[in-house]
Amino acid sequence: MRAIIQRVTKASVTVGEEQVSSIGRGICVLLGISADDTQKDAEYMVRKILNLRLFEDESGRAWAKSVMDRELEVLCVSQFTLQCILKGNKPDFHAAMPAELAQPFYISILESMRSAYRPELIKDGKFGAYMQVNIQNDGPVTVELTSPAAPTDPKQLSKLEKQQLRKEKTRSKGSSESGREKSSLRSRPDPSASSGADGDVSSDREP
């Protein structure tokens, strides 16, 4: 799941000539659901969206308060195009969850936000509609958020790679110590050994 979160002074959604939602100061969330998303992804995104510290505190200190801390509004807009994969210059949206599955999933995310926060402060666009989204970005402040995926997530892969690297180093250290011991035994002068052509290569052959 991907989200673009913008701190706004105001934002609104219009469908046709009708304004369906609007907020004052707060955040506007463009949310793209992938075909592989699960309830865990949804829980992660809801928690992060509501707790991101994008606002100043009472003394003016930046990045200190979340939208919930300041009791500000949230406008959430479904945005399947965030799951775009480019094929040349043409966008492909097969990674997005199909609309018939995405709509109830998206609604459940909104319900989770309302349960975790104040329901009247969570606004929505119109799922599946052709919307005009008016955003007055405050700052500008824009944050991209991606839910942790399973094994293909770059951060997870990096963590696994580091663990594997540590294991390999441990094995390498053990084998190198063993190799040094063997090398030490081989390097001891052997009166019965024959010298090589250059006089610096010893032979381990029996006399």
Side-chain angles (χ1 to χ4, degrees), residues 1-15 20-23 26-55 63 66-68 72-117 121-161:
M1 196 178 301
R2 292 176 183 166
I4 300 295
I5 303 163
Q6 299 183 67
R7 189 178 72 186
V8 300
T9 53
K10 62 181 179 179
S12 63
V13 176
T14 303
V15 177
V20 296
S21 275
S22 67
I23 63 170
I27 57 175
C28 180
V29 181
L30 307 178
L31 189 67
I33 302 170
S34 84
D36 298 324
D37 284 332
T38 66
Q39 190 58 36
K40 285 187 177 180
D41 294 286
E43 290 168 0
Y44 174 88
M45 295 298 272
V46 168
R47 185 171 67 254
K48 283 292 185 183
I49 288 167
L50 294 178
N51 288 284
L52 276 175
R53 294 188 295 178
L54 301 180
F55 300 90
W63 319 114
S66 70
V67 70
M68 288 202 302
L72 302 174
E73 295 179 285
V74 178
L75 175 59
C76 197
V77 180
S78 175
Q79 178 88 75
F80 75 91
T81 59
L82 285 174
Q83 295 297 334
C84 166
I85 297 172
L86 287 179
K87 293 188 174 179
N89 291 322
K90 183 180 180 181
D92 182 288
F93 304 112
H94 284 96
M97 184 177 285
E100 63 274 15
L101 299 175
Q103 185 170 16
F105 194 45
Y106 175 71
I107 290 170
S108 73
I109 292 170
L110 289 175
E111 289 173 350
S112 295
M113 282 191 188
R114 288 173 178 138
S115 296
Y117 190 27
L121 296 182
I122 304 293
K123 307 293 179 65
D124 181 24
K126 188 173 182 181
F127 187 93
Y130 191 91
M131 295 174 275
Q132 302 294 324
V133 183
N134 298 295
I135 301 167
Q136 187 166 299
N137 196 317
D138 180 24
V141 173
T142 302
V143 174
E144 183 177 357
L145 188 62
T146 304
S147 64
T152 54
D153 181 72
K155 289 183 180 178
Q156 295 294 325
L157 281 175
S158 176
K159 193 178 292 184
L160 290 172
E161 286 168 359

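Since the structure is predicted, the reported quantities are computational estimates derived from the model, not experimental observations. Count residues from 1 along the sequence.
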Inset, instruction - Before giving the answer on side-chain contact (heavy atoms from CB on, under 4.5 Å), spell out for Val141 and Phe55 the whole-Å C-alpha distance, their side-chain angles and the decisive distance to 0.1 Å. - result: CA-CA 10 Å; Val141 173; Phe55 300 90; over 6 Å; no
Legend entry - side-chain contact (heavy atoms from CB on, under 4.5 Å) between Val8 and Gln136, worked out: CA-CA 5 Å; Val8 300; Gln136 187 166 299; 5.5 Å; no
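Under the 4.5 Å side-chain criterion, counting only non-hydrogen atoms from C-beta, Ile23 is not in contact with Ser12. Cys84 is listed as a side-chain neighbour of Phe93, based on a closest heavy-atom distance under 4.5 Å. For the pair Ile107/Phe127, no side-chain contact is recorded, criterion being any heavy-atom separation below 4.5 Å from C-beta on. For the pair Tyr44 and Asp37, the minimum side-chain heavy-atom distance is 4.5 Å or more. A 4.5 Å side-chain heavy-atom check between Thr142 and Gln6 finds at least one atom pair inside the cut-off. For the pair Gln39 and Phe105, the minimum side-chain heavy-atom distance is below 4.5 Å. Contact of the Ile109 side chain with the Met45 side chain is not registered, since no non-hydrogen atoms from C-beta on lie closer than 4.5 Å. Looking only at side-chain heavy atoms (C-beta outward), Glu144 and Ile4 come within less than 4.5 Å of each other.
The heavy-atom pair separating Asp41 from Ser147 by the smallest distance is OD1-OG, 2.8 Å. Met68 and Leu50 make their closest contact through CG-O, 3.7 Å (heavy atoms, listed as atom of the first residue, atom of the second, distance). Closest non-hydrogen pair, Ile33 versus Gln83, comes out as O-CG, 3.5 Å. Annotation for Lys87 and Asp92: closest pair NZ-OD2, 3.4 Å, computed over non-hydrogen atoms. The minimum heavy-atom distance linking Leu72 with Gly26 is given by the pair CB-CA, 3.9 Å. Shortest non-hydrogen contact noted between Cys76 and Met113 is SG-CE, 4.3 Å.
Remark: side-chain polar atoms of Arg2 are paired, donor with acceptor, to backbone N or O of Leu82 under 3.5 angstrom. The closest donor-acceptor contact from the side chain of Arg114 to the backbone of Ile122 lies under 3.5 Å. Looking at Tyr117, its side chain does come within 3.5 Å of a backbone N or O of Val67 through a donor-acceptor pair. Side chain of Ser21 to backbone of Gly125: no donor-acceptor contact under 3.5 angstrom is found.
The distance from atom NZ of Lys48 to atom OG of Ser66, rounded to the nearest 0.5 Å, is 12.0 Å. With rounding to the nearest 0.5 angstrom, the CD1 atom of Ile27 is 6.5 Å from the CG atom of Leu54. Here the CD1-OG1 distance, from Ile135 to Thr9, works out to 11.0 Å after rounding to the nearest 0.5 Å. To the nearest 0.5 Å, the span separating OG on Ser78 from CD on Gln103 amounts to 8.5 Å. Taking CE of Met1 as the start and NZ of Lys40 as the end, the distance is 14.0 Å to the nearest 0.5 Å.
Surrounding CD of Glu100 are more than 12 heavy atoms belonging to other residues, nucleotides or ligands, all under 6.0 Å away.
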